[in-house]
*Asks:* 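Below are the structure tokens for one structure; questions will follow.
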Amino acid sequence: MNATTLSVGFIPLVDAAPLIIAQEMGFAAEEGISLDLRRAPSWSSLRDMLSYGKVEAAHMLSPVPVATALGLGGAGAPLSAVSVLSVNGNVIGVSQALADRLRGAGHRFAFDDARAAGLALIAAAGRGLRIGVPFPFSMHAELVYYWLSALGLPAPQSVVVRTVPPPLMGDAIRAGEIDAFCVGEPWGSQAVEDGMGELLLPGSAIWAFAPEKVLAMRADWAEAEDMLRGRLIRAVWRAGRWLADPSSRSLAAEILARPGYLDLPSDILDRSLSGRLVVSGRGEERSVPGFLTFHRSAASFPWRSQAEWIGLQLAARTGLDRAAAKAAAARVFRSDLHRAALSGLTASLPTAASRIEGGVSQPTAVPAEAGRLILDRDRFFDGRIFDPDAA
């Protein structure tokens, strides 16, 4: 049987790994499909490639399908998120000049305390802090807004948030266009490697289980092509399970390092896969458990409550009706399609489609359709919780 080729867009980031590995390690072939992986230069171009049918699916920022449903960003066709490709994986970095001021003020760059790091950053940079994010509608932006606003520095009133493509974050620091950034790996590590700055905090210190990238499809294609949709979901799920095995890490880094994918040294890519990050030019290392998650704790499951949290965050800063935004967002994360695709596998999926976000303070067993499901800690740094039924 000849494999059906699906064109899939991606941005050169470590969290594109489930798609790359699905093709390179044969998980796509097992499902009778082949992935034509197309590298895009920016998130806006990738969104447009998907919206206008240039690709069938895409590695996508989790808020983009929600923003599209809310009519934000001049978006095109409605999109569906049928899987979460990755949880966490972002870093916040600062310019070398700002890092020096932070260290001079006594900040220890412990890399685990969002409150202490945020207050130190506010004191060192003050109002007018310029911070780069890869796209206006991204988990990077939502984490930055949530973090700094909770600490008394409301954005956008007191923070200038600028859009910078991930590979160009270091160049933007060098040019003096931004003071700090929030970006997915490996581009924070590359900025450190190039001497452009230091890493201040992992995104997981702000929200311990943030859905970072999703497998997105045009909503009409996802409904019409149920067989192909299911094959792609299963191939990517198997790739995520393979990536979760520590013994796969070295080979995964070597594959991702290839010129057609990330085209960077494999040792830099290994940092995010292992969670052992070099945070400064002096070689200081920090270990971050769960820095980047592809499979554990039902990481691929698109919880509707995650979409609702994103929708309400977007509504709060764009002036949209909260109730309408929440309802529209919930329809975007297709937990039903994800569940249907994996029903024949031994996948530990939750029996619910929604949950209280930020409510798990320690690993907790929950009802599962098969096997045993342990939900990892998912706390917000300030202790708030998001109950979709009460929002």
*Asks:* Just by distance, do the side chain of Asp113 and the backbone of Arg115 share a donor-acceptor pair under 3.5 Å?
*Replies:* yes
*Asks:* Checking the side chain of Glu185 only, and the main-chain atoms of Gly188 only, is there a donor and an acceptor separated by less than 3.5 Å?
*Replies:* yes
*Asks:* Do side-chain atoms of Asp179 reach the backbone of Arg130 as a donor and acceptor pair under 3.5 angstrom?
*Replies:* yes
*Asks:* Rounded to the nearest 0.5 Å, how far apart are CG of Asp376 and OG1 of Thr293?
*Replies:* 6.5 Å
*Asks:* With heavy-atom distances below 4.5 Å as the criterion, would you say the side chains of Pro12 and Arg39 are in contact?
*Replies:* yes
*Asks:* Do Thr318 and Leu70 have side chains that get closer than 4.5 Å, going by heavy atoms?
*Replies:* no
*Asks:* Check the surroundings of atom CZ in Arg282: do more than 12 heavy atoms from other residues, nucleotides or ligands lie under 6.0 Å from it?
*Replies:* yes
*Asks:* Among Ile268, Leu264, Val14, Val91, which residue meets the side-chain contact (heavy atoms from CB on, under 4.5 Å) test with Trp187?
*Replies:* Leu264
*Asks:* Between Val84 and Pro302, what is the shortest heavy-atom contact and its length?
*Replies:* CG2-CA, 3.8 Å
*Asks:* Can you tell me how far apart CD1 (Ile173) and CG (Leu168) are? Round to the nearest 0.5 Å.
*Replies:* 12.5 Å
*Asks:* Distance alone, cut at 3.5 Å: any donor-acceptor contact between the side chains of Gln306 and Glu357?
*Replies:* no
*Asks:* Do the side chain of Ser51 and the main chain of Arg47 share a donor and acceptor less than 3.5 angstrom apart?
*Replies:* yes
*Asks:* Just by modelled atom types, is the Val82 backbone N or O under 3.5 Å from a matching donor or acceptor in the His338 side chain?
*Replies:* yes
*Asks:* Which is it for Trp309 and Phe380 under the ring-ring contact (aromatic ring centres under 6.0 Å, His included) test, yes or no, and what are the steps along the way?
*Replies:* CA-CA 12 Å; Trp309 183 87; Phe380 293 96; 5.6 Å; yes
*Asks:* Hey, mind stepping through Trp43 and His59 against ring-ring contact (aromatic ring centres under 6.0 Å, His included) and telling me if it holds?
*Replies:* CA-CA 10 Å; Trp43 288 113; His59 163 236; 5.3 Å; yes
*Asks:* Kindly say whether Phe109 contributes a backbone atom to a donor-acceptor pair with the side chain of Arg286 at under 3.5 angstrom?
*Replies:* yes
*Asks:* Would a distance-only check, ignoring hydrogens and angles, find a side-chain to backbone donor-acceptor pair under 3.5 Å from Lys326 to Pro388?
*Replies:* yes
*Asks:* Measure centre to centre between the rings of His295 and Trp237, then say whether the value is under 6.0 Å.
*Replies:* yes
*Asks:* Do the side chains of Arg271 and Glu285 get close enough for a salt bridge, i.e. N-O under 4.0 angstrom?
*Replies:* no
*Asks:* Looking at side-chain heavy atoms only, is the closest gap between Ile206 and Ile92 below 4.5 Å?
*Replies:* yes
*Asks:* Kindly compute the distance separating CZ (Arg322) from CG (Leu312), expressed to the nearest 0.5 Å.
*Replies:* 4.5 Å
*Asks:* Regarding Glu212 and Asn88, is there a side-chain donor-to-acceptor distance under 3.5 Å anywhere?
*Replies:* no
*Asks:* For the CZ atom of Phe294 and the CG atom of Leu273, what is their distance to the nearest 0.5 Å?
*Replies:* 6.0 Å
*Asks:* Let's go through Leu19 and Leu37 carefully: what are the C-alpha distance in whole Å and the side-chain angles of both, what is the deciding distance for side-chain contact (heavy atoms from CB on, under 4.5 Å) to 0.1 Å, and is it a yes or a no?
*Replies:* CA-CA 8 Å; Leu19 290 168; Leu37 295 169; 4.2 Å; yes
*Asks:* Measure across Phe291 and Ser272 and return the closest heavy-atom pair with its distance rounded to 0.1 Å.
*Replies:* CD2-O, 3.5 Å
*Asks:* Should Asp171 and Arg174 count as an ion pair when the cut-off is N to O under 4.0 Å?
*Replies:* yes
*Asks:* Would one find more than 12 heavy atoms of other residues, nucleotides or ligands at under 6.0 Å from atom CZ of Arg276?
*Replies:* no
*Asks:* Would you call Trp207 and Trp147 a side-chain contact if the rule is heavy atoms closer than 4.5 Å?
*Replies:* no
*Asks:* Given the rule in the side-chain contact (heavy atoms from CB on, under 4.5 Å) test, do Ile255 and Ile20 qualify, once you have shown the distances and angles that lead to the verdict?
*Replies:* CA-CA 8 Å; Ile255 292 171; Ile20 296 169; 3.8 Å; yes
*Asks:* Return the CZ to CD1 distance between Arg241 and Ile21, rounded to the nearest 0.5 Å.
*Replies:* 14.0 Å
*Asks:* Just so I know, are the side chains of Ser86 and Leu292 near enough to count as touching, which here means a heavy-atom distance under 4.5 Å?
*Replies:* yes
*Asks:* Is any NZ, NE, NH1 or NH2 atom of the basic residue among Arg238 and Glu31 found under 4.0 Å from an Asp or Glu carboxylate oxygen of the other?
*Replies:* yes
*Asks:* Hey, does Asp36 have a side-chain heavy atom less than 4.5 Å from the side chain of Val55?
*Replies:* no
*Asks:* Looking at Glu30 and Arg234, is there a salt bridge between them, counting it only when a charged N and a carboxylate O are closer than 4.0 Å?
*Replies:* no
*Asks:* Under the criterion side-chain contact (heavy atoms from CB on, under 4.5 Å), I'd like the reasoning laid out for Ile178 against Met169: C-alpha separation, chi angles, the key distance, then a yes or no.
*Replies:* CA-CA 9 Å; Ile178 56 174; Met169 285 295 177; 4.2 Å; yes
*Asks:* Are any of the side-chain heavy atoms of Val161 and Tyr145 separated by less than 4.5 Å?
*Replies:* yes
*Asks:* What closest approach, in Å, do Pro18 and Ala239 show between heavy atoms, and which atom pair accounts for it?
*Replies:* O-CB, 3.2 Å
*Asks:* Specify the closest pair of heavy atoms between Ala28 and Gln23, including all atoms of both residues, with the distance to one decimal.
*Replies:* CB-OE1, 3.9 Å
*Asks:* What is the minimum heavy-atom distance between Met49 and Ala40, and which atoms define it?
*Replies:* SD-CB, 3.9 Å
*Asks:* Quick one: does Ser361's side chain have a donor or acceptor within less than 3.5 Å of a partner on Gly359's backbone?
*Replies:* no
*Asks:* Is it true that Val87 and Ile374 fall in one hydrophobic cluster, defined by side-chain heavy atoms closer than 4.5 Å?
*Replies:* no
*Asks:* Give a yes or no on whether a salt bridge exists between Arg317 and Glu142, defined as a side-chain N under 4.0 angstrom from a carboxylate O.
*Replies:* yes
*Asks:* Between the main-chain N or O of Ser42 and the side-chain N or O of Ser45, is there a donor-acceptor pair closer than 3.5 Å?
*Replies:* yes
*Asks:* Quick check for you: to the nearest 0.5 Å, what is the distance between Arg334 atom CZ and Arg304 atom CZ?
*Replies:* 7.0 Å
*Asks:* Same cluster for Leu345 and Ile233 if Ile/Leu/Val/Met/Phe/Trp/Tyr side chains link at under 4.5 Å?
*Replies:* yes
*Asks:* Tell me whether Asp378 contacts the main-chain N or O of Phe209 through its side chain, where contact means a donor paired with an acceptor under 3.5 Å.
*Replies:* no
*Asks:* Quick check: is Leu375 connected to Ile356 through a chain of hydrophobic side chains (ILVMFWY, heavy atoms under 4.5 Å apart)?
*Replies:* no
*Asks:* Is a salt bridge present between Asp382 and Arg384, judged by a nitrogen-to-oxygen distance below 4.0 Å?
*Replies:* yes
*Asks:* So that I can tick it off, tell me whether Arg249 and Asp270 are bridged by a salt bridge, with the cut-off set at under 4.0 angstrom between side-chain N and carboxylate O.
*Replies:* no
*Asks:* If you apply the rule side-chain contact (heavy atoms from CB on, under 4.5 Å), what do you find for Val214 with Leu85, and how did you get there?
*Replies:* CA-CA 5 Å; Val214 295; Leu85 289 177; 5.7 Å; no
*Asks:* Check whether Trp303 forms a cation-pi arrangement with Arg355 (NZ or CZ under 6.0 Å from the six-membered ring centre, at most 45° off the ring normal).
*Replies:* yes
*Asks:* Glu308 and Ala330: which non-hydrogen atoms are nearest, and at how many Å?
*Replies:* OE2-CB, 3.6 Å
*Asks:* Assess, by modelled atom type and distance only, whether the side chains of Glu254 and Ser266 contain a donor and an acceptor separated by less than 3.5 Å.
*Replies:* no
*Asks:* Counting C-beta onward and ignoring hydrogens, is there a side-chain heavy-atom pair between Val192 and Ser189 closer than 4.5 Å?
*Replies:* no
*Asks:* For Arg38, look at atom CZ and say whether over 12 heavy atoms of other residues, nucleotides or ligands are found less than 6.0 Å away.
*Replies:* yes
*Asks:* Show the numbers, then the answer: is there a salt bridge (charged side-chain N to carboxylate O under 4.0 Å, His left out) between Arg218 and Glu56?
*Replies:* CA-CA 7 Å; Arg218 280 176 56 126; Glu56 277 88 35; over 6 Å; no
